[in-house]
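One structure is given below, encoded as structure tokens.
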Amino acid sequence: MFLFFIGEWMDKLVSSVWTLGSLASILSLALTAFVLFELRRIKSFYLFKARVPDLVGRLSQHSSNLSNYLGDFDNSLPQIVKELAISEAVMTSLTKKLGGDPRKSVQALLESTHRFRTRYTNINHLQREKETLRGIYVDMTKMVEDLKQLEEDTKFER
């Protein structure tokens with residue numbers, strides 16, 4: 001009879017150990033996922049802090065150049081297209097380092113600059129294109145300021 005109780009007690013012990021092991025496994029999976037997301041967030045934060053100020057400065061310069069080219073739009077079209085192509089590269093890099101609304105803003109501007117660049121060759125629409133470029137310039141200027149404000153906000157994190 002004593003052996004019967006020991007066997008029953010061992011079955012309960014083994015069952016409890018298995019349950020505890022399963023719970024520990026699930027807990028470790030959750031902890032691993034948490035660590036993964038935290039590391040990605042920290043990496044994104046420091047990548048933002050390291051690269052975005054430079055990219056914002058470069059985008060600001062491209063915006064200023066576009067403003068200058070608007071004064072002599074008809075003769076500056078090749079330079080405008082070149083400037084937009086370079087600014088597209090900067091904005092593509094920015095989208096990889098941003099999230100949320102700033103990223104959507106950059107992507108929308110990226111699409112409008114690409115549309116302008118791919119259809120600029122139609123001479124009949126130059127006046128309308130000039131207004132489109134002016135809109136791109138205004139959007140780019142606004143986005144630069146938004147990113148500067150975001151950069152300022154991140155100075156108080158970490």
Side-chain angles (χ1 to χ4, degrees), residues 19-158:
T19 302
L20 185 62
S22 296
L23 289 175
S25 178
I26 292 170
L27 181 64
S28 69
L29 177 64
L31 185 61
T32 300
F34 173 76
V35 168
L36 174 71
F37 289 122
E38 276 299 302
L39 284 176
R40 293 181 95 196
R41 188 181 65 77
I42 291 169
K43 177 186 169 202
S44 295
F45 175 78
Y46 283 106
L47 186 60
F48 177 89
K49 293 288 277 182
R51 289 283 293 139
V52 169
D54 176 52
L55 293 173
V56 169
R58 291 173 64 187
L59 198 59
S60 180
Q61 182 60 46
H62 294 302
S63 176
S64 177
N65 292 346
L66 286 175
S67 174
N68 294 336
Y69 293 142
L70 273 169
D72 189 20
F73 180 79
D74 296 335
N75 296 325
S76 301
L77 208 48
Q79 292 91 346
I80 289 169
V81 171
K82 178 183 173 198
E83 200 71 37
L84 287 175
I86 295 169
S87 67
E88 281 179 31
V90 172
M91 287 185 282
T92 300
S93 181
L94 268 171
T95 59
K96 297 174 186 173
K97 292 156 189 65
L98 297 173
D101 289 338
R103 182 182 187 142
K104 290 176 186 174
S105 175
V106 172
Q107 286 174 332
L109 182 59
L110 190 56
E111 289 172 16
S112 64
T113 57
H114 182 72
R115 271 194 312 272
F116 179 89
R117 238 183 12 92
T118 55
R119 68 172 194 238
Y120 90 96
T121 55
N122 190 347
I123 302 300
N124 297 330
H125 301 293
L126 278 182
Q127 188 58 36
R128 186 175 55 185
E129 297 297 330
K130 185 175 183 178
E131 292 308 312
T132 302
L133 181 63
R134 191 176 312 280
I136 289 172
Y137 163 71
V138 169
D139 289 345
M140 193 178 290
T141 304
K142 179 192 176 297
M143 188 184 57
V144 166
E145 185 58 33
D146 288 344
L147 292 172
K148 284 180 181 177
Q149 293 302 319
L150 183 61
E151 184 182 333
E152 286 294 318
D153 292 347
T154 60
K155 285 183 179 178
F156 299 107
E157 292 182 21
R158 300 237 177 239

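These numbers come from the heavy atoms of this one structure, side chains and all, not from hydrogens, waters or symmetry mates. Since this is a predicted model, take the numbers as computed values, not measurements.
Distance check: I86 CD1 to M91 CE gives 11.5 Å after rounding to the nearest 0.5 Å. The CZ atom of F34 sits 9.5 Å away from the CG atom of L39 when rounded to the nearest 0.5 Å. With rounding to the nearest 0.5 Å, the separation of CZ in R41 from OH in Y46 is 9.5 Å. Taking OG1 of T32 as the reference point, atom CG of L36 lies at 9.0 Å (rounded to 0.5 Å). With values rounded to the nearest 0.5 angstrom, L110 atom CG is found 9.5 Å from M140 atom CE. To the nearest 0.5 Å, the span separating NZ on K148 from CG on D146 amounts to 11.5 Å.
Across all non-hydrogen atoms, the minimal contact from S67 to Y137 is CB-CE1, 3.4 Å. Of all the heavy atoms in P102 and G99, the pair that sits closest is CD-O, 3.2 Å. The minimum heavy-atom distance between T95 and T92, with the atom names listed, is OG1-O, 2.7 Å.
Within the 3.5 Å criterion, the main-chain N or O of G21 finds no donor-acceptor partner in the side chain of S25. With hydrogens and angles disregarded, no donor-acceptor distance shorter than 3.5 Å links the side chain of S105 to the backbone of D101.
Considering E88, H114, K104, M143 as possible partners of L109, the one that fulfils the side-chain contact (heavy atoms from CB on, under 4.5 Å) test is M143.
Under the rule for a salt bridge (charged side-chain N to carboxylate O under 4.0 Å, His left out), K96 has no partner lying at least two apart in sequence or in another chain.
A salt bridge does not link E145 to K142: none of the charged nitrogens lies less than 4.0 Å from a carboxylate oxygen.
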**Report entry** Intermediate values then yes/no, side-chain contact (heavy atoms from CB on, under 4.5 Å), I80 and L70
**Finding:** CA-CA 9 Å; I80 289 169; L70 273 169; 5.8 Å; no
Can you give the donor-acceptor pairs under 3.5 Å from side chains of residues 53-62 to other protein atoms, not counting sequence neighbours?
unit_1	atom_1	unit_2	atom_2	d
D54	OD2	R51	NH1	3.3
Q61	NE2	N65	OD1	2.9
H62	ND1	E83	OE2	2.4

